[in-house]
Amino acid sequence: RALLTWKSNLTASSAWWHRITKFATLIADEVNYLRAAPPKLPLAQDAQNLAQVLERIEHHANSIRTQRVPAQLGAREQIEPVQLNHLVQARVQQLRSYRMYEGVQFELDLHPDYAATTVDASAEWLRHALDLLIDNAAKFSAGRPAPRITLRTRVVDNDVHVLVQDTGIGISDELRRRLFSEQTDSHSGQGLGLLIVAVIAKTYHGLVDVEETSPAGTTIRLEFPAAR
């Protein structure tokens with residue numbers, strides 16, 4: 001029931017995204033106004049600090065405005081052959097260049113046959129699922145010595161797997177049983193990302209599960225049928 005509810009919510013994401021980008025445009029306009037008519041500040045250092053803050057705000061607003069509107073989840077016209085090797089490799093390169101997770105080391109272990117890792121799905125939604133798994137791994141690894149996230153791809157029979165391994169604290173048996181079927185903490189919002197991953201996986205005839213977990217870290221497996 002929870003998965004069906006969240007699929008319905010995600011398919012309505014376009015209208016939500018238009019509202020978000022509208023707010024980002026308003027923020028950028030306010031930044032331009034402050035630059036054109038800056039307030040009088042007593043110290044030159046204060047003016048310099050304000051200019052730096054405005055630059056950061058403008059950068060974030062522009063980042064939001066340049067994002068693509070998410071396609072409707074499961075839309076037939078968005079389904080295409082997606083090489084998971086390419087998707088994983090490109091996303092990790094972007095995260096490294098953006099320095100999204102300072103202090104976290106990324107490692108890749110990709111299946112040697114790139115063509116064999118092709119699945120039929122929306123590249124955009126698969127990228128979103130991967131981002132959520134990486135973000136979850138980074139959160140669980142925070143504060144650990146030498147945090148590391150390893151991404152692997154493998155082909156098993158007629159399925160393609162993406163494995164995201166962290167060096168976090170592990171997952172309890174009680175939490176593991178409901179990790180992908182319900183929001184684990186409705187008050188704080190934690191666990192919502194993994195529920196969304198489960199919705200995305202199910203939409204494209206795949207699944208997500210815990211491959212293994214221990215006090216030394218956790219590996220999450222995302223798998224889809226190989227393209228025919």
Side-chain angles (χ1 to χ4, degrees), residues 2-3 6-7 10 82-96 98-112 117 119 121 123 125-157 159-226:
L3 295 184
W6 273 102
K7 182 173 182 179
L10 289 174
V82 180
Q83 279 195 7
L84 291 182
N85 267 13
H86 280 308
L87 187 143
V88 170
Q89 190 173 41
R91 195 62 185 135
V92 169
Q93 288 175 349
Q94 289 175 337
L95 293 175
R96 285 171 175 164
Y98 296 161
R99 298 183 178 178
M100 291 281 292
Y101 301 102
E102 289 286 353
V104 176
Q105 179 182 353
F106 285 92
E107 294 184 357
L108 289 174
D109 180 13
L110 303 179
H111 190 274
T117 66
V119 301
W125 280 106
L126 292 191
R127 192 178 299 110
H128 187 45
L130 181 64
D131 285 349
L132 289 169
L133 290 179
I134 291 174
D135 190 63
N136 185 75
K139 287 178 181 177
F140 273 94
S141 300
R144 303 279 282 183
R148 183 179 67 256
I149 297 175
T150 303
L151 292 99
R152 298 182 172 88
T153 57
R154 65 188 185 192
V155 177
V156 180
D157 297 327
D159 295 323
V160 184
H161 297 184
V162 176
L163 299 104
V164 181
Q165 179 182 8
D166 62 49
T167 53
I169 58 175
I171 301 173
S172 68
D173 290 340
E174 188 275 332
L175 181 60
R176 182 174 181 172
R177 284 192 294 270
R178 55 193 182 93
L179 197 59
F180 303 106
S181 60
E182 61 183 86
Q183 190 172 339
T184 54
D185 190 338
S186 58
H187 179 71
S188 68
Q190 291 185 353
L192 178 58
L194 294 179
L195 182 57
I196 293 174
V197 172
V199 173
I200 296 171
K202 187 176 180 63
T203 299
Y204 299 109
H205 310 290
L207 62 87
V208 61
D209 201 1
V210 177
E211 177 86 356
E212 59 181 355
T213 186
S214 74
T218 298
T219 300
I220 301 294
R221 183 182 75 256
L222 185 62
E223 65 177 75
F224 297 95

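Along the sequence shown, the residues carry numbers beginning at 1. All of these numbers come straight from a predicted model, not from anything done at the bench.
No side-chain heavy atom of Ile149 sits under 4.5 Å from any side-chain heavy atom of Tyr101. At least one side-chain heavy atom of Val210 sits under 4.5 Å from a side-chain heavy atom of Ile220. A heavy-atom distance below 4.5 Å is not found between the side chains of Leu84 and Leu222. Side-chain atoms of Leu133 and Leu151, non-hydrogen and from C-beta on, never get closer than 4.5 Å to each other. A 4.5 Å side-chain heavy-atom check between Leu194 and Leu132 finds every atom pair outside the cut-off. The closest side-chain heavy-atom distance from Val88 to Arg152 is not below 4.5 Å.
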Only distances under 3.5 Å count here; give the side-chain donor-acceptor pairs of residues 136-143 to other protein atoms, sequence neighbours excluded, each with its distance to 0.1 Å.
residue	atom	partner	partner atom	Å
Lys139	NZ	Asp135	OD2	3.3
Ser141	OG	Ala137	O	2.9
Ser141	OG	Thr167	N	3.3

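Pairing each heavy atom of Val208 with each of Ala201, the nearest pair is N-CB, 4.2 Å. The heavy-atom pair separating Glu211 from Arg176 by the smallest distance is O-NH2, 4.2 Å. Nearest heavy atoms, Arg144 versus Ala216: NH2-CA, 4.1 Å. When every heavy atom of Gly103 is checked against every heavy atom of Pro147, the shortest pair comes out as O-CG, 3.5 Å.
Applying the ring-ring contact (aromatic ring centres under 6.0 Å, His included) rule to His86 yields the partners Tyr114; only residues at least two apart in sequence or on another chain are considered. Scanning for salt bridge (Lys or Arg N to Asp or Glu O under 4.0 Å) contacts around Arg177 gives an empty result, with sequence neighbours left out.
Side chain of Arg96 to main chain of Phe106: a donor-acceptor pair is present (N/O by atom type, distance under 3.5 Å, no hydrogens or angles). The closest donor-acceptor contact from the side chain of Asp166 to the backbone of Thr218 lies under 3.5 Å. Checking side-chain atoms of Thr153 against main-chain N and O of His111 turns up a donor-acceptor pair under 3.5 Å. Not one N or O on the side chain of Arg91 forms a donor-acceptor pair closer than 3.5 Å with the backbone of Leu130.
Summarising the geometry, atom CG belonging to Leu163 is positioned 7.0 Å from atom CZ belonging to Arg221; distances are rounded to the nearest 0.5 Å. Taking CG of Leu195 as the start and CZ of Arg178 as the end, the distance is 12.0 Å to the nearest 0.5 Å. To the nearest 0.5 Å, atom CZ of residue Phe224 and atom CD1 of residue Ile200 are 8.0 Å apart. If you take CG on Asp109 and OG1 on Thr150, they are separated by 8.0 Å, rounding to the nearest 0.5 Å.
Atom CZ of Arg148 is surrounded by 12 or fewer heavy atoms from other residues, nucleotides or ligands within 6.0 Å.
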